[in-house]
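This report refers to the structure that appears directly beneath it.
Numbering of ligands and ligand atoms starts at 1, following listing order. For this chain, numbers begin at 1 and follow the sequence in order.
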Amino acid sequence: MFRAAMRTDAQLDHQHLWHPFTQQRDWLGEEPLMIERAKGSELIDAEGRRYLDGVSSLWCNVHGHRHPLIDRAVSDQLERVAHTTMLGLSHPGAAELAARLVEITPTGLERVFYSDSGSTAVEVALKMAFQYWQQRGGQHVRRNSFICLADAYHGDTIGSVSVGGIDLFHSAFGPLLFRAHRARSGDIDDMAQLLRTHEEELAAVIVEPLVQGAAGIVTHPPGYLRAVRELCDRHGVLLIADEVATGFGRTGTMFACEQEGVAPDLLCIAKGLTAGYMPLAATLATEAIYEGFLGAHEEFKTFFHGHTYTGNPLACAAALGCLDVFEVERTMVRLQPKIRLLAEMLRGVAAMPEVAEVRQRGFMVGIDLGEHDPATRMGHRVVREARERGVIIRPLGDTIVLMPPLSISKADLRRLVEVTEHSIRAAQPLQRLDTAAAGRAHAALLKAA
Ligand SMILES: *Cc1c(COP(=O)(O)O)cnc(C)c1O
């Protein structure tokens, strides 16, 4: 018998797993919560305890867990084929999904290139923009750099970190990254200045439209995205919209770009694409960009990129199921009153003395708890309090993120906000002391534990 079977799953986790974005020393000090099943907006652990999925299993669940229609779409596909390749072959699901994505995304985006994660969708967009200008030739070959926003997050691969603005990642991997120009978020004058200064060497501007998720749900002033699009046009620079987080209804419209009537040259989508079922991403391009890659074989204008599981049939089936549910359940229509309810309830949260600011765009919420000594792990403590009360949420530093499935009931939405409120209050006592001293006390406790 396999030796591992003698140990509990929690022990196996502690002995062999390495979790993403996790200080394993902290992780080993806690019993891991094992999620075995889920249904609708709830996650269910090994003991049968139920938790509200307040962050949509990292921002990607859209219609709830175990949605019968998506479950069936995937199991039907499983009876045909689980995986085949997009290199040299095609399959019906990939083709149908591409057509439907072109239909629902902003006008002008005509070509769909699949990959597997948000990071790769961005990586693909950057390489497409770069290679596109190289192949245009002449003075355009100088267009080899990018403008991104300060505090931007576009993923964790080297290219996507290069156009990111999270200092922590840059200090960790600095020497591996390529240089990019950083514009102050939401400041159109700064963007205009950078475009003027670097016009001839710019391949593209990359932005998270309307909301910068990982920065802490930072929202841009109305009109900013529209103005960025106009500036890009004026300077002949491509615009890449990273809708990995904002896509598929999150901001209250199917895509955030719609709210400002903007059509990007390249669009990155992932997270919600399969409703949170399977890893799948896509980079959509205009026909003009696509045509820049056409040529005789020996010209080598091929786009040199592709992943093994690109366009996986099970994932495409899940994505098609996801789009079907949007239609059948009129998800976007039914979402609107829930966005208003959420806004109403958040007014109470914003008034709490423990809360510095609440930022909301549709179903993306950041509750900013202000500055705390990192050692107090304030965000983490709030999250632990919420877990005790049957709600799973995640912090981004000291910002608490709420990002429920679009399908959540009004009753569960109320529960999510109420539990968050109680948890913020319950997490406070230590912080009422001098925060630095409390941080040291907390660190000492952790060591002693
Ligand atoms: C999550 C995210 C990514 C990265 O997606 P992964 O699937 O985690 O690689 C990229 N851009 C934005 C805006 C995101 O929120």
Side-chain angles (χ1 to χ4, degrees), residues 19-22 55-62 105 113-129 146 148-166 168-170 173 177 180 182 185-186 204-220 225 228 239-251 255-257 262 264 266-284 305 307 309-312 315 318-319 322 359 361-366 394-397 399 401-403:
H19 287 262
F21 280 107
T22 299
V55 284
S56 298
S57 292
L58 225 80
W59 313 3
C60 51
N61 192 283
V62 179
T105 49
F113 189 96
Y114 293 117
S115 62
D116 317 323
S117 73
S119 306
T120 57
V122 167
E123 209 71 37
V124 165
L126 298 173
K127 287 170 80 174
M128 272 182 183
F146 296 87
C148 60
L149 297 183
D151 299 324
Y153 177 76
H154 296 293
D156 298 329
T157 54
I158 294 299
S160 57
V161 172
S162 296
V163 292
I166 313 271
L168 199 57
F169 306 167
H170 277 260
F173 302 111
L177 308 174
R182 285 188 172 68
S185 302
V205 172
I206 179 165
V207 295
E208 293 161 81
L210 303 193
V211 186
Q212 291 181 242
I217 318 294
V218 171
T219 55
H220 297 152
L225 179 65
V228 171
L239 176 63
I240 304 172
D242 175 357
E243 292 232 27
V244 170
T246 53
F248 300 94
R250 273 288 149 207
T251 65
F255 295 97
C257 284
V262 162
L266 292 157
L267 173 72
C268 307
I269 53 178
K271 291 191 172 100
L273 172 57
T274 63
Y277 268 64
M278 309 279 280
L280 180 70
T283 306
L284 280 81
H305 190 107
H307 302 280
Y309 279 101
T310 280
N312 172 265
C322 173
R359 299 179 285 269
R361 225 21 180 316
F363 254 26
M364 298 178 86
V365 175
R394 285 273 304 172
L396 283 164
T399 296
V401 175
L402 305 184
M403 188 112 49

Worksheet entry | Smallest separation among heavy atoms of Ile166 and Ala152, with atom names | CG1-O, 3.6 Å

Response to the item:
Correct closest heavy-atom pair for His154 and Ile206 would be CE1-CG1, 3.5 Å

Worksheet item: List by chain and number: which residues place a heavy atom under 4.0 Å from ligand 1?
Response: Trp59, Ser117, Gly118, Ser119, Tyr153, His154, Gly155, Glu208, Asp242, Val244, Ala245, Lys271

Discussion item. Measuring from atom NZ of Lys271 to atom CH2 of Trp59, what distance do you get when rounded to the nearest 0.5 angstrom?
Written reply: 5.5 Å

Worksheet item: With sequence neighbours left out, what residues match Arg182 under salt bridge (charged side-chain N to carboxylate O under 4.0 Å, His left out)?
Response: none

Discussion item. Pairing donors with acceptors under 3.5 angstrom, does anything connect the side chains of Glu123 and Thr120?
Written reply: no

Worksheet item: Does any non-hydrogen side-chain atom of His220 lie less than 4.5 Å from one of Leu225?
Response: no

